[in-house]
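Accompanying notes for the structure given below.
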Amino acid sequence: GNLNATLRAMLETSPKVILLGEDLHDPYGGAFKVTSGLSTEFPERVISTPISEAGVVGAGIGLALHGYLPVVEIMFADFITLAFDQICNHAVKFPGMFPEARTPLVIRTPAGGRRGYGPTHSQNPETLLCAVPGLTVVFPSSRHVPGDLLWNSVFRWPYPTVFLEHKLLYGAAVDPAGYHVCAPAAEDAGAALFPTLIGGNADPDLTLVAYGGMVDLAETAAAELRQEELAVEIVVPSLLSPFPRHTLTRLLARRERIVTLEETHHGCGFSAELGATLLEAGFRGRYARVATPPVPIPAARCLESLIMPDSRRIAEAVLRVLDT
């Protein structure tokens, strides 16, 4: 609802906003109904495209080069690989190759598992995306207001951006209560527009770092740990790339114990970058990562639940960093 209302407000605010994607039109309104009602209200600027992710992203790049503000929907984040040539070799490179070229393209896409959708409809591709120089990657949580971040992506950030939306959060209430915004470092591009949130205990025994769909699990774990009289802080980034290095370093470099939570596999990912960044900054504490193993995600719900990060894996990681 929040994203739908934001897209409607964008279309009302600027004639340059154009929505592109597969099956966006009413009565379907997109696979997760985010564009419901919009094609009826704005028939000229909500465009259902042929089934070609490369084609629709390429069209979005062309529109961006001509001064429009295109918002492309990829039906499932797994399918973004079909548009990788357009993203890696065109969208992020044109501004550096051609004078006056700008590609303010936003690609929205549902990510994540826990729905039994199987190996090609359940992935979190942020690790692939964060490896692309010049590409912005934003992943809201249940504690961020996703419409505000999407608005900033379209109107206040002139660079190609992939905006990941976890499937389980579409029906969740947006509730920032209990969190405050971490002061963004001026050196971190985008950190003020796509904030990192902090919640839980000050002067913590343990810090949990989680983003996207892992924040609810982090909060459940924190509540259980507080029953054991541990002070637990929760840090929730929304900007994954460009990596908010200075913001997170100032916040975390002096923490004693950090556990990161990712629904994707952790090789070469956000938690790996955070660990390396902290190490370079002189971090002397304990550090552990919780993630999904690097295997295809099973379609059977009972098998999917075996590989998805859960309370038991978090507890094991916490015990590792507490074991002095």
Side-chain angles (χ1 to χ4, degrees), residues 6-7 10-11 13-22 24 35 42 44-75 77-109 111 125-139 148-165 184-194 238-247 268 270 273:
T6 300
L7 289 170
M10 288 177 180
L11 289 161
T13 298
S14 173
K16 294 182 177 181
V17 174
I18 296 180
L19 310 188
L20 303 161
E22 298 162 16
L24 301 190
T35 58
F42 306 93
E44 300 297 318
R45 292 191 288 133
V46 179
I47 301 169
S48 291
T49 67
I51 303 173
S52 171
E53 284 71 21
V56 65
V57 172
I61 293 169
L63 286 165
L65 289 169
H66 280 81
Y68 290 94
L69 298 172
V71 181
V72 169
E73 177 178 302
I74 301 293
M75 192 177 285
D78 313 65
F79 307 160
I80 208 163
T81 55
L82 295 161
F84 238 51
D85 183 47
Q86 295 287 359
I87 294 169
C88 297
N89 287 319
H90 298 168
V92 299
K93 292 182 179 174
F94 285 168
M97 293 168 64
F98 306 112
E100 308 304 320
R102 297 290 180 269
T103 49
L105 167 72
V106 175
I107 302 172
R108 295 182 37 253
T109 189
E126 62 267 20
T127 296
L128 292 173
L129 298 166
C130 289
V132 179
L135 184 65
T136 300
V137 182
V138 178
F139 205 158
D148 292 352
L149 301 186
L150 185 61
W151 184 277
N152 288 345
S153 300
V154 173
F155 287 125
R156 302 179 66 191
W157 187 247
Y159 308 107
T161 300
V162 176
F163 192 91
L164 296 164
E165 302 161 3
E187 303 95 323
D188 288 333
L193 297 178
F194 310 110
S238 64
L239 179 65
L240 306 187
S241 185
F243 187 78
R245 173 180 307 274
H246 300 279
T247 303
C268 304
F270 179 85
E273 185 66 23

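Side chain of T109 to backbone of A77: a donor-acceptor contact under 3.5 angstrom is found. With S14 contributing its side chain and K16 its backbone, the two residues share a donor-acceptor pair below 3.5 Å. With hydrogens and angles disregarded, a donor-acceptor distance shorter than 3.5 Å links the side chain of T247 to the backbone of A185. Using a distance-only test at 3.5 Å, with no hydrogens or angles considered, a donor-acceptor pair links the side chain of T161 to the main chain of Y159. The closest donor-acceptor contact from the side chain of R45 to the backbone of L11 lies under 3.5 Å.
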Let me have the donor-acceptor pairs involving side chains of residues 90-99, under 3.5 Å, with sequence neighbours excluded, atom names and distances please.
from, atom 1, to, atom 2, distance (Å)
H90, ND1, Q86, OE1, 2.8
K93, NZ, N89, OD1, 2.8

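Enclosure of atom CD in E44 is not indicated, since only 12 or fewer non-hydrogen atoms of other residues, nucleotides or ligands lie within 6.0 angstrom.
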Note to self: For a side-chain contact (heavy atoms from CB on, under 4.5 Å) check, start with the C-alpha distance between V56 and I74, then their side-chain angles and the critical distance, and finish with the verdict.
What the structure shows: CA-CA 9 Å; V56 65; I74 301 293; 4.2 Å; yes
Margin query: Walk me through whether L135 and I87 qualify under side-chain contact (heavy atoms from CB on, under 4.5 Å).
Written below: CA-CA 8 Å; L135 184 65; I87 294 169; 3.8 Å; yes
Next item on the list: Go through the steps for V72 and V106 under the test side-chain contact (heavy atoms from CB on, under 4.5 Å), then give the verdict.
Entry: CA-CA 6 Å; V72 169; V106 175; over 6 Å; no
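The heavy-atom pair separating A111 from L164 by the smallest distance is CB-CD2, 4.2 Å. Between L149 and F194 the shortest heavy-atom distance is O-CE2, 3.5 Å. Nearest approach of F163 to L150, heavy atoms of both residues: CE1-N, 3.5 Å.
V71 places a side-chain heavy atom less than 4.5 Å from the side chain of V154.
Salt-bridge annotation for E273 and R245: present, with a side-chain N of the basic residue lying under 4.0 Å from a carboxylate O of the acidic one.
Under the 6.0 Å cut-off for aromatic ring centres, F243 and F270 qualify, their centroids lying closer than that.
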